[in-house]
Amino acid sequence: MEEDFRAEDLLFMMKKISLDLAAQMDQCLKNHEMTGVQVYFLVYILRHHPKGTYLTELCREIGVSKATLSALIKRMREKEYLYFLEDPGDVRKKKVLPTAKLIAGGNEFLRKAEQMEAEICSALDADERRKLWDLEKKLIGRFAAMEENEKDRQEVYNREKSITAAGAV
C-alpha cells in the first residue's frame, strides 16, 4: 500500500533535509575559521573551478542570488581562500580564483567532504540515488518555471504601472 503524502508534508521534509544537511556540513567540515557550508563551497570551487570562474556562472550553477554569493565570497577573500582577477576588457567582470592557501589546504577539505558525502549517501543504493537525482532535477525545473512566471507577472505590473503613471501626468 502506497502512502499518500500531503504537499505540505513533502515540503517540510525537503526543508528538514536541507537543515540537516547544513548541520552535517558544520559538524563534519567546519574548522576554526569557517563554517561547514563555507568549507563545502570551497570544495565546490576546487572540484569544479580550480582555474577560476565568474560570479554570474557560480550563481547559475549553485542557485543562489548574487548578493548571497557575493557575501560568501567576500568572507572567503577576507580569510585569504579566494581572490578576484579583473577582466582587462570589462572592469565589472571579475574572475573568482582559489588562492595558494586554499590549494595547499584543499586536499584536507576534499577528503573530509568525500567522507561526509559517502556517509550521507550510504542510506541510498545506486538506483535510489538516481531516482532522487531525477526527482530533484524535476523540482528544480518547476521552481525555475515558477520564478520565470513571477518575473513575467512583475514585468506586466511594472508596464501597467508606468502606463498609469504616464497617463496621470
Side-chain angles (χ1 to χ4, degrees), residues 5-87 92-147 150:
F5 297 100
R6 294 180 311 163
E8 177 187 29
D9 297 330
L10 292 172
L11 295 175
F12 273 113
M13 182 66 71
M14 285 189 280
K15 182 64 175 175
K16 183 174 179 356
I17 289 169
S18 176
L19 293 170
D20 287 348
L21 179 58
Q24 280 301 312
M25 285 181 190
D26 267 350
Q27 183 177 350
C28 298
L29 301 177
K30 75 177 177 182
N31 65 25
H32 66 280
E33 59 181 15
M34 289 184 291
T35 68
V37 172
Q38 290 169 340
V39 172
Y40 206 58
F41 173 69
L42 295 176
V43 166
Y44 184 86
I45 295 291
L46 290 169
R47 286 178 173 165
H48 300 278
H49 299 288
K51 295 187 184 329
T53 189
Y54 294 95
L55 181 67
T56 305
E57 173 109 1
L58 281 172
C59 288
R60 189 172 2 93
E61 288 175 6
I62 62 177
V64 297
S65 70
K66 274 190 178 182
T68 299
L69 195 54
S70 292
L72 176 59
I73 290 171
K74 179 181 178 187
R75 285 191 293 279
M76 297 300 92
R77 287 180 64 210
E78 290 168 353
K79 295 175 188 306
E80 299 178 347
Y81 284 103
L82 297 175
Y83 72 99
F84 283 136
L85 183 63
E86 289 188 11
D87 185 330
R92 297 169 296 163
K93 204 171 181 185
K94 294 181 177 106
K95 194 171 193 178
V96 180
L97 293 124
T99 62
K101 179 180 178 180
L102 176 54
I103 292 167
N107 285 336
E108 179 66 14
F109 293 162
L110 289 166
R111 185 186 62 74
K112 285 182 173 183
E114 288 167 3
Q115 286 175 340
M116 179 195 69
E117 292 161 348
E119 177 67 24
I120 291 169
C121 292
S122 70
L124 304 172
D125 65 31
D127 187 49
E128 290 169 328
R129 285 193 299 269
R130 170 56 56 196
K131 286 178 184 175
L132 181 58
W133 173 260
D134 291 341
L135 291 170
E136 288 173 336
K137 286 190 334 187
K138 192 174 185 178
L139 286 171
I140 287 172
R142 182 67 197 135
F143 289 134
M146 290 170 68
E147 186 177 295
E150 181 57 33

Hey, are Glu108 and Arg111 close enough for a salt bridge, meaning a charged N less than 4.0 Å from a carboxylate O? yes

Partner set under salt bridge (charged side-chain N to carboxylate O under 4.0 Å, His left out) for Arg77, not counting sequence neighbours: none

Counting neighbours of NZ on Lys79 that are heavy atoms of other residues, nucleotides or ligands and sit closer than 6.0 Å, is the number greater than 12? yes

For Lys101, salt bridge (charged side-chain N to carboxylate O under 4.0 Å, His left out) partners two or more places apart: Glu33

Just by distance, do the side chain of Glu128 and the backbone of Asp125 share a donor-acceptor pair under 3.5 Å? yes

Who pairs with Glu150 by salt bridge (charged side-chain N to carboxylate O under 4.0 Å, His left out), at least two apart in sequence or on another chain? Arg153

Quick one: side-chain contact (heavy atoms from CB on, under 4.5 Å) partners of Leu102, sequence neighbours excluded? Leu42, Leu46, Tyr81, Leu82, Pro98, Thr99, Phe109

Of all residues at least two apart in sequence or in a different chain, which pass the salt bridge (charged side-chain N to carboxylate O under 4.0 Å, His left out) check with Arg6? Glu8, Asp9

With a 3.5 Å cut-off and sequence neighbours excluded, list the donor-acceptor pairs that the side chains of residues 133-141 form with protein atoms.
none

In terms of heavy-atom contacts, does CD of Glu61 have more than 12 from other residues, nucleotides or ligands at under 6.0 Å? yes

Evaluate the side-chain proximity of Ile73 to Leu58: yes if any heavy-atom separation is below 4.5 Å, no if none is. yes

Taking atom types as modelled and ignoring hydrogens, do the side chains of His49 and Glu57 form a donor-acceptor contact shorter than 3.5 angstrom? no

Distance col, row Leu132:CG vs Arg130:CZ, nearest 0.5 angstrom, shows 10.5 Å

Please indicate whether Met13 has more than 12 foreign heavy atoms, meaning atoms of other residues, nucleotides or ligands, lying under 6.0 Å from its CE. no

Counting only heavy atoms from other residues, nucleotides and ligands, does the tally under 6.0 Å from CD of Glu114 exceed 12? yes

Under a 3.5 Å threshold, yes or no: a donor from one side chain and an acceptor from the other, between Tyr40 and Glu117? yes

Evaluate whether atom CZ of Phe84 has more than 12 neighbouring non-hydrogen atoms of other residues, nucleotides or ligands under 6.0 angstrom away. yes

